[in-house]
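These notes concern the structure reproduced below.
This one's a predicted model, so the numbers in the text were calculated from it and none came from an experiment. Below, chain A is the first sequence line, B the second, and so on; all start at residue 1.
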Amino acid sequence: MEKEDSLNKSKVVIIRSKKVLGSNNKVNSSELVLMLKKGLVSLTGDPDFRDVVSRFYTPQDVIGMKVNCLAGKGASTHPELAISFASLLKEAGIKEKNIIIWDRANAELEEMGFPLNYSRNGIRCFGTDTDTVGYSRDLYQYLNIGSLLSRIPLYYTSVQVNLPMLKDHSLAGITCSLKNFYGAVNNPNKYHEDGCNPFVADLNALPQIKDQNRLIICDALTVQYRGGPSYLPYWNDGYGGIIISTDPAALDFTGYQVINQLRRKNGSPTLEKSGIFPKYILTAADRNHNLGKASSDEIEIIKVSL
Amino acid sequence: MKKLKRRDFFKCSLSGVGGILSSNLISRIPVLSVPETAYALSSTGRLSHVEAKYYKKLEHKEIECQLCPRKCKVGDRERGYCGVRENQKGIYYTLVYGLACSFHTDPIEKKPFFHFYPGSSAFSIATAGCNLNCKFCQNWEISQARPEQTYNIELPPQSVVEYALKENAKSISYTYTEPVIFYEYMLDCAKLGREKGIKSVMVSGGYVEPEPLVELCKNLDAVKIDLKAFTDEFYKDICRGRLQPVLECLKELNRMGIWYEIVYLMVPTLNDDMSSIRKMCQWILANLSPDVPIHFTRFTPMYLLKNLPLTPVSSLEKAREIALETGLKFVYVGNVPGHKAENTFCPKCQQMLIGRYGFTITRMNLQKGKCKFCGEKIPGVWA
């Protein structure tokens with residue numbers, strides 16, 4: 001019976017290392033690669049990370065890596081994470097040209113240190129605002145959402161690995177994997193009311209987004225546990241972690257708990273006490289959206305330390 | 001005339017001296033003759049960097065916008081609901097000052113204004129953005145876009161006034177999207193226009209805080225308010241706003257004595273309940289004036305409401321009947337060219353004062369603002 005319960009649970013791996021961040025929070029890439037390998041096999045139980053990759057991606061796939069660069073340095077996905085995971089994909093047989101690192105704007109990618117590359121050689125990296133890319137001409141609608149979608153997930157990629165940054169968010173509660181796809185629509189400013197609920201869930205339920213979801217590798221190397229989504233150094237913690245799952249709701253629920261732990265550790269009020277509990281995670285897990293699990297009973301957290 | 005490059009042609013679909021510059025509209029905007037002057041205009045990739053007028057600085061580089069009732073709290077590097085105002089290191093900027101995504105010379109009747117210089121032209125401009133998200137928006141391609149998603153022309157206030165003069169326009173109209181969100185640009189155009197003898201009119205949803213509204217109206221000559229419904233539920237569900245601030249805006253306009261007209265777009269099944277329309281008319285009578293013109297206009301399936309039919313003309317007529325019964329004197333039916341209720345009738349002798357067909361004036365029986373037949377003074381701003 002216990003085994004059955006365990007099978008029905010969504011797995012979330014939190015892997016941390018004290019060596020992954022150096023002075024000034026400089027990322028140690030070789031340690032990060034070890035964390036990724038260990039994290040991936042912990043998620044599936046496969047003996048080798050290449051087996052894990054082949055569970056989710058085929059050599060024919062064009063894999064989009066959706067990063068979050070909006071807040072600039074200190075509160076955006078570290079380029080080292082994307083590059084390290086891309087190197088693992090390559091080791092697992094994925095061609096570099098079939099990997100696209102993307103976000104909404106080239107300037108924001110560049111500011112974060114992502115090497116822009118529009119060519120057919122090497123890992124590609126560009127924003128939706130690239131001249132020849134842009135947004136769809138057609139509106140995509142689901143419940144409360146009506147948006148133009150980035151043409152990157154529509155026409156350039158076949159699957160995604162979501163690479164969000166775990167952060168506090170003064171309106172939404174937290175921003176992590178589900179909210180990262182606000183960077184895939186033309187009008188995210190229209191979806192911040194009422195704690196972004198139910199908009200985050202509605203957007204992620206669009207088949208064009210939901211169906212491409214395979215794997216989420218959340219950047220929790222540094223965590224803005226309060227005052228987000230902007231970078232405020234005095235509320236930024238060198239957590240030294242990455243969080244991996246296939247279930248975006250479960251990962252975000254876990255991320256919400258991590259933020260609260262960091263808030264408690266640092267003497268800040270919890271998200272609930274601050275009046276910004278991220279309700280949209282529960283909405284994402286409801287029957288209308290069915291995007292994953294969002295309760296402690298339904299999530300198996302696997303903690304790994306290196 | 002120079003030859004347009006293919007790229008320019010698609011980027012800048014100009015009709016007369018105007019165009020709506022949205023990447024999603026290019027296929028359905030007619031391209032007529034392009035005057036030589038249009039070649040001086042070119043799309044710009046840049047956004048403006050002019051500090052916003054109404055906001056409050058908060059702790060930790062946050063700001064609170066005080067332009068509209070949303071009062072968005074915006075963190076560093078984030079934007080407000082309108083999508084055109086951005087917090088950069090604790091200072092709030094408008095990104096659309098002097099950047100028109102749409103401009104055209106229209107008949108004033110198109111706004112619609114029926115009691116403001118009938119038959120005159122309005123040089124009309126818009127920038128990207130809106131502080132509402134109406135599911136029936138007819139200009140959603142620009143109103144719901146961010147400024148980097150539209151093709152913008154650098155058109156500083158001085159150029160706006162110059163174009164208005166060149167086009168023999170009586171007024172500059174701030175329209176198509178929601179002018180409140182390009183407040184600073186509109187205000188400077190209006191001030192400059194007034195110096196040059198050009199009037200200014202705003203076509204708005206009236207979702208604005210009282211203080212900026214008062215400052216703005218000192219420089220405007222007329223305002224058209226879209227009263228989108230008379231229930232808060234409709235505002236919340238269909239427009240993502242609230243009713244009360246719009247009613248407060250109308251009361252403030254009335255108090256200030258600026259000329260204003262009201263448009264009520266009737267959307268089948270959503271805001272066409274006649275008891276609600278009766279309540280609205282009674283509210284207008286009690287709180288505003290029987291003289292305020294109200295236009296009941298026909299809905300066309302659009303944006304997120306493509307599933308609904310056109311408004312039946314009979315519904316518009318019924319609403320008009322209720323408004324007249326309630327005691328409102330100038331009640332029109334809009335978006336139904338050739339309908340009798342496009343015309344203005346004298347409330348005293350019932351003679352036709354201004355005949356219209358669509359946006360064209362067909363008859364004028366108004367002399368110095370009075371009925372030619374009985375001498376009744378007709379409220380409005382007349383030549």
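Here the two rings, on A:Y225 and A:Y239, have centers that are 6.0 Å apart or farther.
With respect to the salt-bridge test (charged N to carboxylate O, under 4.0 angstrom), the residues A:D252 and A:K179 do not qualify. Comment: A:D194 does not engage A:K279 in a salt bridge, judged by the lack of any side-chain N to carboxylate O separation of less than 4.0 angstrom. Salt bridge B:K57/B:E62: absent, no basic N to carboxylate O contact under 4.0 Å. Between B:E184 and B:R85 there is a salt bridge, since a side-chain N of the basic residue sits under 4.0 Å from a carboxylate O of the acidic one. Salt-bridge annotation for B:E86 and B:R146: absent, with no side-chain N of the basic residue lying under 4.0 Å from a carboxylate O of the acidic one.
Residue B:C72 does not touch chain A at all, counting heavy-atom pairs closer than 4.5 Å. With a 4.5 Å cut-off on non-hydrogen atoms, B:E59 does not touch chain A at all. Heavy atoms of A:R226 lying under 4.5 Å from chain B are absent altogether. Heavy atoms of A:L232 lying under 4.5 Å from chain B belong exclusively to its side chain. Contact of A:N186 with chain B is made through backbone and side chain together, with heavy-atom distances under 4.5 Å.
Most heavy-atom pairs under 4.5 Å with chain A, from the set B:N87, B:N131, B:L304: that is B:L304. Ranked by heavy-atom pairs shorter than 4.5 Å toward chain B, the options A:L70, A:N144, A:L171 are led by A:L70. With chain B as partner, the option from A:N187, A:D129, A:L139 having the largest number of non-hydrogen pairs under 4.5 angstrom is A:L139.
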